[in-house]
Undergrad: 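One structure, as C-alpha cells, below. Some questions next.
Order of appearance sets the numbers: ligands from 1, and atoms from 1 within every ligand. Values below: every heavy atom of this structure, side chains too, minus hydrogens, waters and symmetry copies.
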Amino acid sequence: MSKIIVAIDGYSSCGKSTIAKALAKYAGYTYVDTGAMYRAIGLYTLRHHLTETADIIAALPQIQVGFVLVDGAQHVTLNGEDVESQIRTLEVGNRASEVSTIKEVRAFLVAQQQKMGLEKGIVMDGRDIGTVVFPQAELKLFLTASPEVRAQRRYDELVEKGQQPDFAAVLADVNDRDYRDTHRAESPLRQAQDAIVVDNSNLTREEQMKVIYDLFNRYK
Ligand code: DC
C-alpha cells in the first residue's frame, strides 16, 4: 500500500498536535511537530541572549534540532539535549513565533522537514506545511477553532503542567500570536487552496477524530 503525506496547518492551540499524533498512530506513520522545532530555536536564542536577527542567523550552524522517542512519545532535542519540557512555556512559544519570522530560520528548518518526508508515511503539523514544506501533500487539513476555545485549552494545559496562568493573558497571547503568524512576511499562516477546513470549536475529540480518520481513508 502506498504511503501519503498528511499536512496539518492551523492556528496555535487548536489541537493540531493531538490530532496529528492520533492520526499518525492510526495510520502507522511518523509524526513531526514542526512547532517544536521553532520552539527549540526560540529556546536557544533565550539561553544565549540572542535578540538581533543577524546574531540569530549567525548562530544557526551551531544549532541542531532533532527528535527522540521517550516511552513512545516524541521529544524535541536541542544539540542533543531533550528540551521537551522547557519548550512548552508561553515565553518560549512567543520567542518561537518571533524567530519564525526570520527567513533564514525558516529555510533552515524547512530543509530538514522536507528531508523527513522523502519516504512519505508522515503526518506533519505546523503553519506552512501544506503551502511551503509539502505543497504536493496528498491530504492537507486546515484546523480552526475560536480564539476563546483555544485560549481555554491552552489555559487548561498550563494548569495541568502545574503553572498558574491568567486567562486574560492567555487569550491576549493567542490573539497576538494569531496576528503575528498570519501577518509575517515570510510564509504567513494561510490555508492552502486545496486544504480541507476542520473547525473543531464544537466537536468532541471523538467526533473530530472520526472526521479526520474518514478523510485519511479517502485520500490514502
Ligand atoms: O505550534 P506551536 O505553537 O508549537 O508553534 C510555535 C510557533 O512556531 C508559532 O507561533 C509559529 C511558529 N511556527 C511556524 O512559524 N511554522 C511552523 N511550521 C510551525 C510553527
Undergrad: So is Arg127 polar-close to ligand 1, meaning N/O to N/O under 3.5 Å?
TA: yes
Undergrad: Indicate yes or no: does an N/O atom of Arg88 lie under 3.5 Å from an N/O atom of ligand 1?
TA: no
Undergrad: Verify whether one side chain among Gln152 and Asp156 offers a donor that lies under 3.5 Å from an acceptor in the other.
TA: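 Distance-only check passes for Gln152 and Asp156.
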Undergrad: Under 3.5 Å, is there a donor-acceptor pair between the Arg150 and Asn175 side chains?
TA: no
Undergrad: Spell out, yes or no, whether Tyr26 and Ile4 are grouped together once hydrophobic residues are joined by side-chain heavy atoms under 4.5 Å, including indirect joins.
TA: yes
Undergrad: Of Arg184, Arg95, Glu186, which is the lone residue that meets side chain to side chain donor-acceptor pair (under 3.5 Å) with Ser100?
TA: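 For Ser100, the side chain to side chain donor-acceptor pair (under 3.5 Å) test succeeds with only one of Arg184, Arg95, Glu186, which is Arg184.
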Undergrad: Can you name the closest pair of heavy atoms from Ala22 and Met209 and give their distance?
TA: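 Looks like CB-CE, 3.7 Å.
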Undergrad: In this structure, does ligand 1 have an atom that sits under 4.0 Å from one of the heavy atoms of Gln113?
TA: no
Undergrad: Search all heavy atoms of Ser187 against all heavy atoms of Asp128 and return the closest pair with its distance.
TA: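 Closest approach of Ser187 to Asp128, heavy atoms only: CB-CB, 4.2 Å.
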Undergrad: Do Ile129 and Asp125 come close enough that some side-chain heavy atom pair is under 4.5 Å?
TA: no
Undergrad: Counting only heavy atoms closer than 4.0 Å, does ligand 1 sit against the backbone of Ser97, its side chain, both, or neither?
TA: both
Undergrad: Indicate whether any N or O donor in one side chain lies under 3.5 Å from an N or O acceptor in the other, for Asn94 and Arg180.
TA: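 Per modelled atom types, Asn94 and Arg180 side chains form a pair under 3.5 Å.
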Undergrad: Considering only heavy atoms, does Leu189 approach ligand 1 within less than 4.0 Å through its side chain, its backbone, both, or neither?
TA: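 The answer is neither; Leu189 stays 4.0 Å or more away.
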Undergrad: In the protein, what heavy atom is nearest to atom 19 (C) of ligand 1, and what distance, to one decimal place, separates them?
TA: Thr34 OG1, 3.4 Å
Undergrad: Of the side chain and backbone of Arg184, name the one, both, or neither that has a heavy atom under 4.0 Å from an atom of ligand 1.
TA: side chain
Undergrad: Just distances here: any N/O of Asp128 and N/O of ligand 1 closer than 3.5 Å?
TA: yes
Undergrad: Which residue supplies the protein heavy atom nearest to atom 7 (C) of ligand 1, what is that atom called, and how far is it?
TA: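 The closest one turns out to be Ala96 CB, 3.8 Å.
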Undergrad: Please write down residue, atom name and distance for the protein heavy atom closest to atom 8 (O) of ligand 1.
TA: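 The closest one turns out to be Tyr38 CB, 3.5 Å.
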Undergrad: Arg177 versus ligand 1: do any nitrogen or oxygen atoms come within less than 3.5 Å of each other?
TA: yes
Undergrad: For atom 6 (C) of ligand 1, tell me which residue out of Arg95, Met37, Arg39 has the closest non-hydrogen atom.
TA: Arg39
Undergrad: Which protein heavy atom lies closest to atom 11 (C) of ligand 1, and at what distance to 0.1 Å?
TA: Asp181 OD1, 3.5 Å
Undergrad: Judged by non-hydrogen atoms, does Arg106 sit under 4.0 Å from ligand 1?
TA: yes
Undergrad: side-chain contact (heavy atoms from CB on, under 4.5 Å), that's the test. Do Thr182 and Arg190 meet it? Break it down for me.
TA: CA-CA 7 Å; Thr182 50; Arg190 61 182 175 80; over 6 Å; no
